[in-house]
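A quick note: this is a predicted structure, and the numbers were derived from the prediction, not measured.
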Amino acid sequence: QVQLVESGGGLVQPGGSLRLSCAASTSLYSIDSMGWYRQAPGKQRELVADTRRWGSSNYADSVKGRFTAIRDNANNALHLQMNSLKPEDTAVYYCNANQQGRTYWGQGTQVTVSS
């Protein structure tokens with residue numbers, strides 16, 4: 001069982017940066033995979049970034065070069081550093097974890113990019 005607590009969402013201007021955090025209730029080494037998803041109004045939920053214990057992260061084409069997923073194993077946390085933000089990045093961002101066939105989601109945090 002994994003509980004996820006998200007933080008860091010808010011309002012930011014285009015070109016700005018924001019850092020999201022997802023704190024897990026257990027060691028990241030016990031989790032098979034973790035990632036960030038987002039869902040904008042009227043659109044399907046989409047994968048932003050995913051991570052494995054020892055593998056490299058994968059990113060959606062729309063965020064490559066701007067977003068970075070950072071695993072903080074010592075503190076059981078997954079971060080998403082978002083730079084050069086665009087209005088189209090506006091969405092509810094969700095933390096995701098998979099463990100032994102079960103899927104867990106955070107409550108979501110709103111990111112709004114607007115001038």
Practice item. Give a yes or no on whether the backbone of Ser7 and the side-chain of Thr109 come within a donor-acceptor separation of less than 3.5 Å. Key: no
Check your understanding: Heavy-atom distance under 4.5 Å between the side chains of Thr26 and Ile31, does that happen here?
Key -> yes
**Study point:** For Ser33, side chain to side chain donor-acceptor pair (under 3.5 Å) partners two or more places apart
**Key:** Asn98
Exercise for review: Only pairs at least two apart or in different chains count here, so list each ring pair (Phe, Tyr, Trp, His ring centres under 6.0 Å) that has a residue in residues 70-115.
Suggested key: Tyr37-Trp105
Review point. With a cut-off of 6.0 Å (strictly less than), are more than 12 heavy atoms of other residues, nucleotides or ligands near CD of Gln107?
Key: yes
Review point. If you link I, L, V, M, F, W and Y whenever their side-chain heavy atoms are under 4.5 Å apart, who else ends up in the same group as Leu11?
Key: none
Exercise for review: Using a 4.5 Å cut-off on heavy atoms from C-beta on, say whether the side chain of Met82 contacts that of Trp36.
Suggested key: no
Review point. Under 4.5 Å between side-chain heavy atoms, hopping through other hydrophobics if needed: is there a path connecting Val92 to Val111?
Key: no
Exercise for review: Check whether any side-chain heavy atom of Pro87 lies under 4.5 Å from a side-chain heavy atom of Ser114, and answer yes or no.
Suggested key: no
**Study point:** Which residues share a salt bridge (Lys or Arg N to Asp or Glu O under 4.0 Å) with Arg66, sequence neighbours left out
**Key:** Asp89
Review point. Would you say the side chains of Gln99 and Ser30 form a donor-acceptor pair under 3.5 Å?
Key: yes
Check your understanding: Any sub-3.5 Å donor-acceptor pair from Thr51's side-chain atoms to Met34's backbone N or O?
Key -> yes
Exercise for review: Check whether any side-chain heavy atom of Asn96 lies under 4.5 Å from a side-chain heavy atom of Thr103, and answer yes or no.
Suggested key: yes
Point to revise | Reference residue Phe67; test side-chain contact (heavy atoms from CB on, under 4.5 Å); the match among Leu20, Val48, Leu18 | key: Val48
Point to revise | With sequence neighbours excluded, residues passing salt bridge (Lys or Arg N to Asp or Glu O under 4.0 Å) with Lys86 | key: none
Point to revise | Any side-chain heavy-atom pair of Asn58 and Lys64 under 4.5 Å | key: no
Review point. Within a strict 4.5 Å, meaning less than it, do heavy atoms of the Leu85 and Gln13 side chains meet?
Key: no
**Study point:** Partners meeting side chain to side chain donor-acceptor pair (under 3.5 Å) with Gln3 (sequence neighbours left out)
**Key:** none
